[in-house]
Undergrad: 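Okay, here's the structure, questions in a sec.
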Amino acid sequence: MRKNTVVNQYELPMEIKKEGKWYIAKCPIWRDCYAQSDTVDGVVFEITGVAKTLIEIYQEKDLKVPLGITEKELKRCEIIYVDKLVGIR
């Protein structure tokens with residue numbers, strides 16, 4: 001099963017598989033981001049928490065977060081950029 005969720009301003013793709021009694025979630029583009037739980041909702045909650053923690057660590061260390069920024073966040077950035085350009089005139 002494939003699923004996407006938004007963490008902070010990042011889009012987090014995940015693959016969820018059932019192995020025995022556990023659901024395992026992995027982010028296919030961020031090998032450090034994975035979790036397990038006994039329910040689908042639980043594993044989505046857990047991997048979201050892992051991603052939030054990793055994002056904070058990466059940002060503190062000035063590393064590039066290997067996730068895409070959501071379209072909503074891109075539009076917000078474009079609006080801010082345009083406002084700054086207009087203010088330069």
Side-chain angles (χ1 to χ4, degrees):
M1 167 189 336
R2 292 182 184 268
K3 190 173 177 102
N4 279 357
T5 191
V6 175
V7 179
N8 297 352
Q9 74 265 22
Y10 297 98
E11 189 170 346
L12 176 66
M14 65 184 85
E15 296 173 351
I16 301 172
K17 295 180 182 176
K18 186 164 186 178
E19 294 182 12
K21 70 174 194 166
W22 297 103
Y23 288 91
I24 310 295
K26 297 177 183 178
C27 177
I29 58 174
W30 201 357
R31 70 178 190 163
D32 294 331
C33 191
Y34 56 89
Q36 74 177 28
S37 180
D38 57 351
T39 65
V40 172
D41 288 341
V43 81
V44 171
F45 178 80
E46 292 295 329
I47 196 169
T48 300
V50 169
K52 284 180 182 179
T53 301
L54 286 171
I55 289 167
E56 288 174 12
I57 291 168
Y58 273 54
Q59 288 174 339
E60 286 173 4
K61 294 185 177 193
D62 235 5
L63 299 171
K64 183 182 180 310
V65 176
L67 301 175
I69 296 177
T70 64
E71 188 173 322
K72 180 180 176 184
E73 185 66 16
L74 283 174
K75 286 181 182 175
R76 189 184 76 77
C77 292
E78 289 170 5
I79 290 167
I80 290 169
Y81 181 69
V82 169
D83 287 347
K84 285 184 179 181
L85 284 178
V86 171
I88 291 174
R89 290 183 186 180

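Here the structure is a predicted model, which is why all the values come from computation and not from measurement.
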Undergrad: Taking all heavy atoms of V65 and all of Q59, pick out the closest pair and write down the distance.
TA: CG2-CG, 4.5 Å
Undergrad: Ring pair (Phe, Tyr, Trp, His ring centres under 6.0 Å): which pairs involve residues 43-66, sequence neighbours left out?
TA: W30-Y58
Undergrad: Compare every heavy atom of P28 with every heavy atom of P13, then report the nearest pair and how far apart it is.
TA: O-CD, 3.5 Å
Undergrad: How long is the gap from NZ on K26 to CG on D32, to the nearest 0.5 Å?
TA: 13.0 Å
Undergrad: Report the distance from atom OG1 of T39 to atom NZ of K21, rounding to the nearest 0.5 Å.
TA: 12.0 Å
Undergrad: What is the minimum heavy-atom distance between V40 and I16, and which atoms define it?
TA: CG1-CD1, 4.3 Å
Undergrad: Nearest 0.5 Å please: distance from the CE atom of M14 over to the CD1 atom of I47.
TA: 5.5 Å
Undergrad: Looking only at heavy atoms, which two atoms of T48 and L12 are closest? And how far apart?
TA: CA-CD2, 4.4 Å
Undergrad: Listed by chain and number, what are the side-chain contact (heavy atoms from CB on, under 4.5 Å) partners of K61, not counting sequence neighbours?
TA: I57, L63
Undergrad: Roughly how far apart are W22 CH2 and D38 CG, rounded to 0.5 Å?
TA: 5.5 Å
Undergrad: Kindly give the cluster partners of Y34, where membership spreads through any ILVMFWY side chain lying under 4.5 Å from a current member.
TA: none
Undergrad: Could you tell me which non-hydrogen atom of L67 sits nearest to which non-hydrogen atom of E11, and how far apart they are?
TA: CB-O, 3.7 Å
Undergrad: Which heavy atom of V43 sits nearest to which heavy atom of Q36, and what is that distance?
TA: CG2-CA, 3.7 Å
